[in-house]
Structures are given as structure tokens and as C-alpha cells.
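Following: one structure in C-alpha cells, then a few remarks.
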Amino acid sequence: MIRWTGFVIAHRKRIVACWLVLFVLGGWAAANLGGLLSNRFSVPGSESERGLNLIKDHMGDRSDGAFTLVATGVDSAADRATVRAATRRGAGVVKGGKAGPLLPAARGVVYAQIATPLENQDATKATPRIRAAIGRPAGVTTYLSGFPAINHDTQKIFNEDLGRGESIGIPIALLVMVVMFGTLGGIFVPVAFAAMTIPTTLGLVWVFAHLMDMAIYVTNIVALIGLAIAVDYSMLVVFRYREELAKTDDPHDALRRTMATAGRATLFSGMTVAIGLALLVFMPLPFIRSMGVGGLLVPVVSIAASATLLPAMLAMMGHGVNRWRIIPRRWLERRAAADATGFWHGLATAIMRRPLVFFVGAASVMLVLALPAFALHVTGGDNRGTPLTTEATRGLHVLETTLGAGALAPHQIVIDTRVAGGASDPRVQGAERRLLVQLRRDPAIQPRTIAAPVLVPAALARQASLVDRDGRVLQVRAAGRTDSGTQQAMDLVHRIRDRYIPASGFPSRADVLLTGAPAFGVDFIDKAYGVFPWLVLAVLVVSYLVLLRAFRSVVLPAKAVVMNLLSVGATYGVLVLAFQHGWGRHVGFGQTPQIDGWIPIFLFALLFGLSMDYEVFLLSRIREEWDRRHDNDEAVAYGLEHTGRIITAAAIIMIAAFGGFVAGSFPALKEFGLGLSAAILLDATVVRAVLVPATMKLLGRWNWFLPERVRRAMRLRTPAVAPDLETASG
């Protein structure tokens with residue numbers, strides 16, 4: 001690091017110029033990124049995905065791209081004719097669109113499906129044109145609903161909720177930086193770091209968007225993580241640089257010492273963040289994988305910037321980092337003196353005196369919060385909790401209160417007879433009738449929603465996409481009484497697949513598949529959580545090895561991994577208490593009996609990396625003092641005193657950014673925001689400020705245990721913390 005910093009100092013202007021070029025290119029790419037992003041969702045290789053593709057290929061229809069026209073005030077034959085005409089006009093907008101028959105939902109309420117060959121993303125874009133074609137028929141009230149229409153109508157609300165995190169986080173980040181840095185010179189560093197790294201990362205996302213589908217929310221992930229890392233790394237390095245400037249008149253020597261200590265910590269910290277986010281890249285689901293790629297690029301770019309841009313800027317600024325004070329000098333001097341007498345010194349001293357008391361208290365808090373995590377129940381997600389402020393969601397509400405919440409998400413049983421005309425085979429029709437009998441008997445299914453070719457004339461069956469043109473592929477549809485993400489709907493998927501379809505006796509040559517939103521939810525959970533535990537294990541092992549090299553101890557990395565798992569477990573427990581058990585409804589969170597399946601996965605990936613950030617900052621400073629003094633108590637206390645304020649400030653910024661989601665309109669976003677905010681709060685207070693120091697005090701010299709065999713295998717050595725700069729650089 002010392003030799004590398006010398007190289008950066010010598011070429012500082014060229015390095016900054018290179019980053020300016022990357023900033024310009026990244027900014028241009030980011031401005032052209034929107035059209036390349038999508039919200040396509042798929043579960044490759046699953047039964048539901050194969051069934052959906054079968055319907056699309058043979059019937060020109062996709063259930064995820066289908067609209068539902070709901071009409072109220074339909075009291076006469078003339079009203080029904082008006083709605084039929086409106087449905088045909090809407091279907092005519094999309095090439096290959098089909099208008100389904102009018103079906104009764106309740107007295108005066110009818111609905112009809114508008115099938116399209118479009119994927120959900122493309123159908124969403126067609127929503128305004130279909131609405132314009134439908135118009136406002138006289139005498140009735142119509143609502144264009146369905147998944148594409150709901151996505152279209154709620155996208156603006158969702159984007160506002162996502163933007164709330166940034167709109168809250170950025171002003172609070174600036175306020176915290178003003179208080180922490182105290183000078184415009186100091187504040188310039190994190191602002192410039194974020195301004196360079198975030199557009200550069202988005203530029204790389206633009207490149208990847210040409211190679212794979214990238215989720216539309218990746219820009220929000222990049223902005224939030226990029227801002228958090230920029231502030232974290234800048235504070236750690238700038239504060240250390242100021243300490244070193246106070247010891248020497250040579251800014252370059254101060255910078256070399258800074259990069260050999262705090263700079264090294266940021267590199268290992270970036271590696272741990274990258275390892276956590278890499279979990280998402282290896283998930284077998286394109287939507288999650290794309291978010292992982294975007295998230296992973298943030299620490300990769302930040303590592304490069306921390307090793308080049310950050311020291312180059314400081315080399316150019318020199319003592320200028322302390323110029324242009326915006327808070328009084330006496331405040332800065334008082335804060336510097338408080339390291340030895342203030343809150344963090346007092347807390348460190350108290351923990352060193354009674355480590356067992358603090359350990360038991362902090363561990364008890366975390367374990368009590370983690371226990372409810374064993375009751376965590378995840379789902380593929382549905383429309384529950386969607387704001388009823390748009391046309392599409394109001395139409396959904398009409399169907400929910402008449403047919404049931406599952407009306408927009410029917411179960412679709414697709415039968416590929418594998419021969420032309422196979423749908424008219426008596427054996428196929430007999431099996432179809434036996435299947436219908438079982439579906440009607442199931443109390444979880446709304447009988448009025450059952451549709452099958454044997455129930456309607458052939459012409460109407462083709463019009464309603466129940467059988468294809470060749471008579472080879474047919475489908476049976478039946479809507480459940482509950483929404484697609486409920487446990488009842490998921491149980492119904494298993495009953496249809498495991499009992500009803502096998503008992504129906506379809507010919508052996510036929511391929512019978514269950515698709516639809518409930519089946520997609522089940523397949524998503526099975527596929528995601530089939531690999532999630534193994535990826536978690538891989539993350540833990542790789543993190544341990546990286547931290548072993550960072551801390552030069554076999555004990556500290558194990559403790560760090562355990563502490564992070566404890567933080568994640570407590571976070572899951574908070575979600576269960578707040579949402580599944582309904583404690584959060586007292587503060588406006590609402591209550592939902594399950595957590596969306598993507599949330600625990602994303603939380604683990606983000607939290608493991610970001611909370612390990614704090615661990616590396618704290619333990620690196622403690623290790624530094626141990627190498628200097630070989631006094632465990634002094635090293636732990638000193639490390640806490642000199643990093644506590646930085647960790648707290650960084651945590652405040654991230655809690656503000658992620659906490660903005662809690663005020664959102666969607667339950668899933670509230671869960672995500674609360675999970676991130678609670679985890680960072682617990683991690684920065686209970687874990688890093690109390691549990692880690694208490695554990696290290698209790699372990700004593702065992703903290704630094706490194707067997708000789710391990711040291712040789714990892715090629716580790718223990719350098720001096722205050723290196724001989726002339727010898728090292730020479």
C-alpha cells in the first residue's frame with residue numbers, strides 16, 4: 001500500500017483526469033440506460049415457465065400479459081353489448097389480441113379477459129393505448145385491470161416510494177457530513193467520490209444491459225449503496241488522514257500512513273461487500289441476478305476508486321482538506337479532545353470493566369429478536385396491500401369483493417396432447433371431466449371461475465384461448481378464493497399438481513403442466529430457496545478467508561461471521577414481529593401474514609456486506625493498536641474510541657436513506673426498508689458498540705491466535721503499524 005500510494009501521488013493528476021473521463025462516459029451511458037431496463041420476471045426451467053411458454057407458442061397468449069376489463073352498472077342486454085364492444089376495441093389495439101367472453105361476477109358486475117401475446121413488460125407499455133380504445137362507454141363504469149395495467153398504474157407510485165429513500169438520505173447525508181467533517185474541504189471528498197463512482201457504475205450497468213436483462217430498480221440499488229460506501233470510505237480515510245497530518249508536516253507521508261492503515265481497511269471492506277452481493281449474482285433467477293450484478297459493480301468500482309481516486313484527491317488537496325471551516329474551530333478541537341474523554345471512551349472503559357454484563361445484555365437482546373425468525377414465512381408475492389388509488393387497482397378491488405381475491409390470478413392447467421386434434425380425444429376429454437369434478441369439490445376454488453373446453457362450444461373455446469387452432473393444446477382455468485401469494489393458494493398449487501392431475505388419468509403421452517401466478521410463486525420459492533442456503537454457506541467461507549488475511553487471526557474472522565449472522569437473524573425476527581405478528585400496525589405498517597420471498601435474500605446479501613463494513617473498520621483499528629502495544633484491553637478500547645463516531649455517522653445516513661421506504665405505499669417496500677434500517681441500527685449500536693468489544697475483552701489474547709501452519713498457508717506476516725516510510729518506499 002505504501003509503494004502503491006507513492007505511485008498514485010506521483011501520477012495524481014493523470015488519475016483524477018482518468019476518473020473525470022469515466023464520469024463523463026458513465027453519465028452519458030446512465031442517461032441512456034432507462035430504455036434498456038425491464039421488469040420481466042421468469043423462473044427458467046420451472047413447470048410454470050414451461051406452461052406459460054406452451055400457451056404463448058400455441059395460443060398466442062400470455063397470462064402475465066393479459067388484461068381484465070371489469071364493468072359495473074351492467075343491468076341490461078344493451079349494457080352487456082356495450083361492454084362486449086369495448087372489450088373488442090381494446091383487444092384490437094394489440095396484434096394477436098383476443099377478446100374473451102363476458103362472465104358474471106355479481107349482480108350488475110361483469111368481466112372479460114383481453115388476451116395478448118405480449119410479455120408483461122411490453123403489455124404494460126400498451127396499457128394507455130388499450131384504455132384509449134375502450135374509452136368511457138355510456139351507461140356503465142369500466143376499469144381496465146390485470147397485471148400489466150396494475151404495473152402501469154402503480155409504477156409511478158413505486159418510483160416515488162423508491163425515490164423517497166434518496167430524497168431523505170441525501171439531505172441527511174449532507175447534514176451529517178457537515179457535522180462530521182466540519183470543513184468544505186473535507187465534505188468535498190465524499191461528494192466527489194460519490195459523483196465519480198455512481199455514474200461510472202451506472203455506465204457499467206449500461207454495458208451489462210446489452211448482454212442480459214437488467215431490472216428497472218437496479219439504478220436505485222446502485223445509487224443507495226454507492227452513496228453509503230462513498231460516505232463510509234471517505235470518512236474513514238479523511239479522518240485518519242487528518243490524524244496523520246497532525247503528526248507530520250509532510251502531507252505525502254501522512255497519506256502513505258493513511259493508506260497503509262485506513263486505506264487498506266477500505267479495500268478489505270469493499271471485498272466483503274462484494275462477496276455478500278455476489279450471492280445474488282449466482283441466484284438462478286434472472287431478475288435477482290441482474291440486481292446482483294448492479295449491486296456487485298458498486299463495491300468493485302468503489303474499491304478501484306478507494307485505491308486510486310481517493311488518495312489522488314487527498315494528494316492534490318494536502319492540508320486543504322482542513323480548509324474552509326463551516327463549524328467553529330473550538331467545536332472541532334473539542335471533538336478531537338473527546339476521543340480520550342467523551343462518550344466512546346466512557347463506553348469502552350465501562351465495557352472493559354464489566355465485559356460479561358455487557359456481553360450477556362447485548363447477546364440477549366439480539367437472541368430475543370432473532371427467535372421469531374424461525375416463524376418466518378415467505379411467499380411469491382401478490383397484489384395485497386396495493387394502493388387503491390388507480391383505475392387498475394379499483395377494478396381489482398371490484399373483483400376481490402365479488403369473485404374473490406384470486407380472480408386476476410387463476411390457476412392454469414395446460415395439457416399438451418402432442419398430437420393434432422388430441423383435445424377431442426375421448427380419453428383426454430374424460431380426464432378433463434374428472435379434473436373438473438375434483439376442482440369443483442375443492443373449497444379453495446371459486447366454481448364460477450372454472451373454464452374448460454368441454455364446458456363450451458368449440459368456437460367459443462378457441463376464442464377464449466382454451467384450445468389452440470390445431471386442437472393439440474388445451475387449458476383449464478380456475479381461480480382460487482384467495483390471492484396468489486397466500487398459503488391457501490400455495491397449498492392449492494400442490495394439491496393440483498400432486499393429487500388432481502395424477503388422479504385425472506390423462507394419456508401417458510400428454511404433458512400436463514400447471515402455470516399461473518400462484519404456480520409461479522411456488523416455483524420461485526422452491527428454486528430460490530433451493531440454492532440460497534448453499535450460497536450463504538459459500539459467502540460465509542469466502543468471507544472468513546478474506547477476513548483471515550485482513551485481521552491475521554483465525555478467531556476474529558469467525559467472530560465477525562457469527563456476529564453478522566446474528567444481525568441478519570435479528571433483522572428477520574423484527575420483520576416477523578412487525579408484519580406477520582402485526583406489531584407494526586400500531587405505527588402504520590399494516591399486517592401481512594407473510595414476507596415476500598425476495599426480501600430475506602436481498603436483506604442477507606446487502607446486510608452481510610454493509611454490516612461487515614463496520615466490522616472491518618472497527619477490527620482493523622483494533623488490530624493496528626494490538627500490533628503497536630500488544631495490550632488487548634487498550635487495543636479494543638482505542639479502536640472503539642476512534643471508530644465509534646464514524647460508524648454511528650455512517651449508520652445514521654443509511655438508516656435515513658433506507659428508512660424512507662418504510663413510509664412507502666407497498667407492503668414489500670415497507671418490509672425492505674424496515675429490515676435494512678433495523679439491521680443497521682442494531683449492527684451499529686448493540687453489535688459493534690457493545691457485543692464485539694465485550695467479546696474481544698472476554699477472549700483476551702485468543703483474539704490474535706494464528707497457528708503457524710495457517711500463517712504459512714496464507715502467506716501472512718505481521719507488518720508494523722507505523723512503517724518505516726523511507727525504507728518501505730525505497
Side-chain angles (χ1 to χ4, degrees), residues 42-66 96 98 100-101 103 113 115-117 406 409-442 444-480 484 489 492-523:
S42 62
V43 186
S46 67
E47 178 177 332
S48 54
E49 187 79 24
R50 288 186 288 127
L52 183 64
N53 289 333
L54 199 61
I55 295 173
K56 177 188 177 185
D57 295 340
H58 288 268
M59 299 177 178
D61 175 24
R62 287 185 65 98
S63 60
D64 64 336
K98 299 177 183 178
L103 299 172
Q113 187 178 65
T116 76
H411 301 267
Q412 296 173 275
I413 303 165
V414 190
I415 303 102
D416 183 1
T417 64
R418 297 188 180 278
V419 293
S424 59
D425 187 315
R427 292 175 299 170
V428 173
Q429 291 185 345
E432 188 181 341
R433 289 189 178 94
R434 288 189 290 273
L435 176 61
L436 292 175
V437 170
Q438 296 178 89
L439 293 176
R440 286 194 181 100
R441 288 175 178 172
D442 196 304
I445 290 178
Q446 172 58 266
R448 285 185 294 167
T449 66
I450 296 177
V454 297
L455 300 178
V456 295
L460 190 57
R462 287 190 173 88
Q463 180 186 353
S465 297
L466 296 177
V467 64
D468 73 339
R469 182 176 301 174
D470 298 329
R472 168 184 166 175
V473 177
L474 63 147
Q475 66 166 310
V476 176
R477 291 198 295 262
S484 59
L492 180 56
V493 168
H494 291 298
R495 285 200 299 276
I496 294 174
R497 283 178 172 171
D498 302 338
R499 288 165 47 188
Y500 300 164
I501 291 176
S504 298
F506 284 95
S508 58
R509 71 171 185 271
D511 193 8
V512 186
L513 306 170
L514 176 64
T515 187
F520 261 100
V522 170
D523 291 343

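The figures that follow rest on heavy atoms only: side chains count, while hydrogens, waters and symmetry mates do not. Just so you know, these numbers come straight off a predicted model, no measurement behind them.
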Once you round to the nearest 0.5 Å, how far does CD1 of Ile496 lie from CD of Gln412?
-> 11.0 Å

Give a yes or no on whether Arg441 atom CZ has more than 12 heavy-atom contacts from other residues, nucleotides or ligands under 6.0 Å away.
-> no

Nearest 0.5 Å please: distance from the CG atom of Asp416 over to the NE2 atom of His58.
-> 5.5 Å

Carboxylate-amine/guanidinium contact Arg50 Asp57, below 4.0 Å = no

Separation between CG of Leu439 and CD of Gln446, rounded to the nearest 0.5 Å | 13.0 Å

Looking only at heavy atoms, what is the nearest atom pair of Thr515 and Leu52, with distance?
-> OG1-N, 3.7 Å

Provide the closest heavy-atom pair for Val428 versus Phe506 in the form atom of the first, atom of the second, distance.
-> O-CE2, 3.9 Å

Does any N or O in the side chain of Glu49 come within less than 3.5 Å of the main-chain N or O of Val43, such that one atom is a donor and the other an acceptor?
-> yes

Under a 4.5 Å cut-off applied to non-hydrogen side-chain atoms, are Val454 and Val476 in contact?
-> no

Steps toward side-chain contact (heavy atoms from CB on, under 4.5 Å) verdict (Val467, Val473) | CA-CA 6 Å; Val467 64; Val473 177; over 6 Å; no

Going through the checks in order, is the side-chain contact (heavy atoms from CB on, under 4.5 Å) test met by Lys98 and Thr116?
-> CA-CA 7 Å; Lys98 299 177 183 178; Thr116 76; over 6 Å; no

Just by modelled atom types, is the His411 backbone N or O under 3.5 Å from a matching donor or acceptor in the Arg477 side chain?
-> no

Identify the heavy atoms of Ala444 and Arg495 that sit nearest to each other, and give their distance.
-> CB-NH2, 3.6 Å

Would you find a donor on one side and an acceptor on the other, under 3.5 Å apart, between the side chain of Ser484 and the backbone of Ala517?
-> no

Could you check if a side-chain atom of Ile501 sits within less than 4.5 angstrom of a side-chain atom of Ile413, using non-hydrogen atoms only?
-> yes

For Glu47 and Leu514, which heavy atoms make the closest approach, and how far apart are they?
-> OE2-N, 2.7 Å

In short, Gln438 meets Ser504 closest at the heavy-atom pair NE2-OG, 3.2 Å

Over all atoms of both residues, closest heavy-atom pair of Pro507 and Arg427 | CG-CB, 4.1 Å

Side chain to side chain, Met59 and Leu54, heavy atoms closer than 4.5 Å = no

Output for pair (Leu436 CG, Leu455 CG), nearest 0.5 Å, gives 5.5 Å

For the pair Gln475 and Ile55, evaluate side-chain contact (heavy atoms from CB on, under 4.5 Å) and give the outcome as yes or no after the intermediate values.
-> CA-CA 8 Å; Gln475 66 166 310; Ile55 295 173; 3.9 Å; yes

Report yes or no: do Ser424 and Gln429 form a side-chain donor-acceptor pair below 3.5 Å?
-> no

Rounded to the nearest 0.5 Å, how far does CG of Leu513 lie from CD1 of Ile415?
-> 9.0 Å

For residues Thr417 and Leu474, determine if any side-chain heavy atom of one lies less than 4.5 Å from a side-chain heavy atom of the other.
-> yes

Before accepting this row, confirm whether a basic side-chain N of the pair Arg472/Asp470 lies closer than 4.0 Å to the acidic partner's carboxylate O.
-> no

